[in-house]
Amino acid sequence: MIKSTLLKIAFLTLISFILFSCEKNNDGSISKNYYPDFEFEEPEVSGNTFYIDPSNGSMEGDGSKENPWRTLQEVLEANLIQHYKHTESYNAESELILVNEDAPVKGGDKLILKEGYHGHVNLQTFMFKDWLTIAGAENEKAVLSQFKITGTFKNIYLKDFYIIKDSYQGTDDYWIADEINHNSGSCLYLASNDFWGKGSQVKINGLTVKTTEDASGWTKEDWVEKAATGIGLRSVKYVEAINCNIENIRHGITVEYFSDNSKVVNNSIKNFSGDGSRIISNDVLFAYNTITGCLKVDDNHDDGIQSYSRGEDNSPGTGTLSNVTIRGNLIIGIVDKDNPLAGSPQGIGCFDGFFDNWIVENNVVISNTYHGISFYGMFNSKILNNTVIDQVPGDDVCPWIKITNHKNGTPSYNCIVANNIVSSSVSIVGNNIEENSNYVFGKRNYDSIYQAFVNPDENNFHLINNDFTKQNIIDLGTYFNGLISSDADKDLMSRDETPDIGAYEFVE
């Protein structure tokens with residue numbers, strides 16, 4: 001008992017230190033990169049800095065600030081960057097050999113992209129022993145039409161530039177041009193394959209990723225034909241994607257085919273015609289992201305966050321996904337109710353398990369669907385302190401929180417569902433599943449949300465302090481040792497030993 005109390009005091013002290021010592025924004029919120037569960041380490045630039053300037057550069061230059069090169073694509077095609085590859089294809093354990101041995105740029109260096117169009121990147125091998133940094137110049141708009149590696153790569157840091165697919169300047173339309181659609185048409189795509197080897201260790205920070213700057217005039221047909229996925233990961237490991245703005249896209253961020261140990265933190269995904277995110281990998285942290293504005297343009301089963309397992313036969317629902325945390329995210333299905341294409345995605349939809357050792361906590365899901373948070377085949381997992389609210393009251397569709405059997409009939413087991421606020425219901429089917437301290441409004445009692453939250457019409461679901469919340473929500477949660485949602489809310493405000501129900505703790 002004493003040990004448990006001391007651990008809790010230590011954790012609360014850490015949270016308080018973060019809250020009061022870190023950099024804050026003008027509104028009092030915490031600046032990006034400060035989280036109790038995630039620390040971003042920016043790679044060190046240990047070598048030289050080179051400049052690339054589409055307006056004032058030349059491929060006859062030396063890459064200095066006074067004599068920059070012209071575009072990133074030309075620098076790569078001119079073989080000006082040293083990197084490594086394996087001596088044997090199909091053998092990721094084979095010896096590394098140096099490519100472009102006499103090139104001026106090497107691992108540990110930094111490339112600064114100046115304002116303008118830098119072409120597209122399409123590589124198969126790009127490995128470094130020390131990190132290579134590729135960064136947009138401060139307060140300038142450096143643009144690529146695509147950044148794609150489909151092979152073996154390591155230690156690459158991408159920071160503060162734009163990838164806008166329709167900036168492509170080839171002869172074909174960007175959505176059919178083979179050189180930026182072969183293998184994948186994603187704006188940013190990182191994938192390993194059996195021939196070239198494995199990819200890992202990529203950091204993505206502060207990128208702006210879009211299919212197009214303005215899709216407001218697009219029809220359904222335009223969205224189906226032209227929209228590209230924002231960031232796609234396939235069979236790569238140890239990728240961090242943080243602080244990115246992803247807009248006007250098909251899928252927002254996909255972490256697929258065993259892209260294990262990925263961290264996706266503090267990104268904004270806006271205007272998507274497929275899924276906000278797909279998590280089909282193990283050991284993933286997906287936290288503090290904002291997903292808004294689904295557009296219904298085809299028969300895709302749209303989700304804010306979707307996951308499904310894949311077994312040895314590669315079929316959905318035949319394997320197990322383990323050790324995933326979905327924490328502190330905001331999902332708003334409909335942003336513009338007057339938009340004829342406005343869709344209603346499922347919130348967190350995980351329909352083809354199994355899902356083992358998942359933590360789903362401090363999320364806010366606002367949607368006009370049944371599946372606010374749903375898991376079909378879940379075990380050894382926790383769903384805690386989420387706020388799940390119906391976005392369009394008055395119809396029969398209202399979101400729930402649900403754990404049920406795998407589609408093959410195997411029961412879920414050893415789970416906890418607690419401290420959640422939900423519009424419709426908490427539905428539990430399985431063995432040894434603990435359910436407590438949840439507050440359910442009920443689909444016919446929608447107006448009571450105005451007694452609980454600051455401004456539901458503006459999607460502000462912070463708590464207010466009145467008789468209703470004191471009787472039903474405030475200080476009525478259950479504390480769970482070792483869970484961040486018991487010690488801090490979605491805004492990383494400290495909770496006490498009797499946490500409030502839902503994603504937000506009431507703050508005076």
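Numbers here simply count residues along the sequence, with the first being 1.
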Return the minimal non-hydrogen interatomic distance between [X] and [Y], and the atom names on each side.
X	Y	result
Leu483	Ile359	CD1-CG2, 3.9 Å
Ser309	Thr318	OG-N, 3.7 Å
Tyr479	Asp496	CD1-O, 4.4 Å
Asn267	Asn243	OD1-N, 3.2 Å
Val365	Ile373	CG2-CG1, 4.5 Å
Asn419	Gly477	OD1-CA, 3.3 Å

Distance under 6.0 Å and angle within 45° of ring axis: Lys141 vs Tyr162: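 Here Lys141 passes the 6.0 Å and 45° test against Tyr162.
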Approximate separation, where rounding is to 0.5 Å, of Asn289 CG and Asn266 CG: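 Spacing of CG (Asn289) from CG (Asn266) equals 7.0 Å.
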CG-CH2 distance between Asp222 and Trp175, expressed to the nearest 0.5 angstrom: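 With rounding to 0.5 Å, CG (Asp222) is 7.5 Å from CH2 (Trp175).
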Candidates Ile403, Asp356, Asn357, Asn432 - the one meeting side-chain contact (heavy atoms from CB on, under 4.5 Å) with Phe379: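 Going through Ile403, Asp356, Asn357, Asn432 one by one, the side-chain contact (heavy atoms from CB on, under 4.5 Å) with Phe379 is satisfied by Asp356 alone.
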Derivation and outcome, side chain to side chain contact (heavy atoms under 4.5 Å, CB included), residues Leu190 and Ile204: CA-CA 11 Å; Leu190 303 174; Ile204 304 161; 4.2 Å; yes
Who passes salt bridge (charged side-chain N to carboxylate O under 4.0 Å, His left out) against [X], sequence neighbours left out?
X	result
Lys490	none
Asp302	Lys296
Lys203	Glu240
Lys470	none

Any side-chain heavy-atom pair of [X] and [Y] under 4.5 Å:
X	Y	value
Val264	Ile231	no
Leu330	Ile291	no
Ile421	Phe461	no
Tyr157	Lys110	no

Arg250 with Asp298: basic N within carboxylate O range, under 4.0 Å: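 Looking at Arg250 and Asp298, the cut-off is met.
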Arg495 with Glu361: basic N within carboxylate O range, under 4.0 Å: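 Salt bridge flag = no for Glu361 with Arg495.
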Which residues share a ring-ring contact (aromatic ring centres under 6.0 Å, His included) with His371, sequence neighbours left out: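 So His371 forms a ring-ring contact (aromatic ring centres under 6.0 Å, His included) with Phe351, Trp400.
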Set of ring-ring contact (aromatic ring centres under 6.0 Å, His included) partners for Tyr189, sequence neighbours left out: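 In terms of ring-ring contact (aromatic ring centres under 6.0 Å, His included), with neighbours along the sequence ignored, Tyr189 is linked to no residue.
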Thr292: side chain to side chain contact (heavy atoms under 4.5 Å, CB included) partners, not counting sequence neighbours: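 For Thr292, the residues satisfying side chain to side chain contact (heavy atoms under 4.5 Å, CB included) (neighbours in sequence not counted) are Lys270, Thr290, Ile332, Val335.
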Contacts of type side chain to side chain contact (heavy atoms under 4.5 Å, CB included), residue Ile416, not counting sequence neighbours: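 Per chain and number, Ile416 pairs via side chain to side chain contact (heavy atoms under 4.5 Å, CB included) with Lys382, Leu384, Ala418, Glu434, Phe480.
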Sequence neighbours excluded, every pair satisfying ring pair (Phe, Tyr, Trp, His ring centres under 6.0 Å) that has a member inside residues 247-292: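 Counting only pairs at least two positions apart or across chains, the ring pair (Phe, Tyr, Trp, His ring centres under 6.0 Å) contacts touching residues 247-292 are Tyr35-Tyr288.
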Contact list for residues 208-234, test ring pair (Phe, Tyr, Trp, His ring centres under 6.0 Å), sequence neighbours left out: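 Of all non-adjacent pairs touching residues 208-234, those that pass ring pair (Phe, Tyr, Trp, His ring centres under 6.0 Å) are Trp218-Trp223.
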Listed once per pair and sorted, the side-chain hydrogen bond (donor to acceptor under 3.5 Å, both in side chains) pairs that draw on residues 331-349, sequence neighbours left out: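 Non-adjacent pairs meeting side-chain hydrogen bond (donor to acceptor under 3.5 Å, both in side chains): zero.
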Plane angle bin for Trp358 and Phe355 - parallel if under 30°, tilted between 30 and 60°, otherwise perpendicular: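 Ring orientation, 0 to 90° scale: perpendicular.
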Listed partners of Ser412 passing side-chain hydrogen bond (donor to acceptor under 3.5 Å, both in side chains), at least two apart: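 Expected list: none.
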Within 6.0 angstrom of Phe506 CZ, more than 12 heavy atoms from elsewhere: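 Atom CZ in Phe506 is crowded, with more than 12 foreign heavy atoms closer than 6.0 Å.
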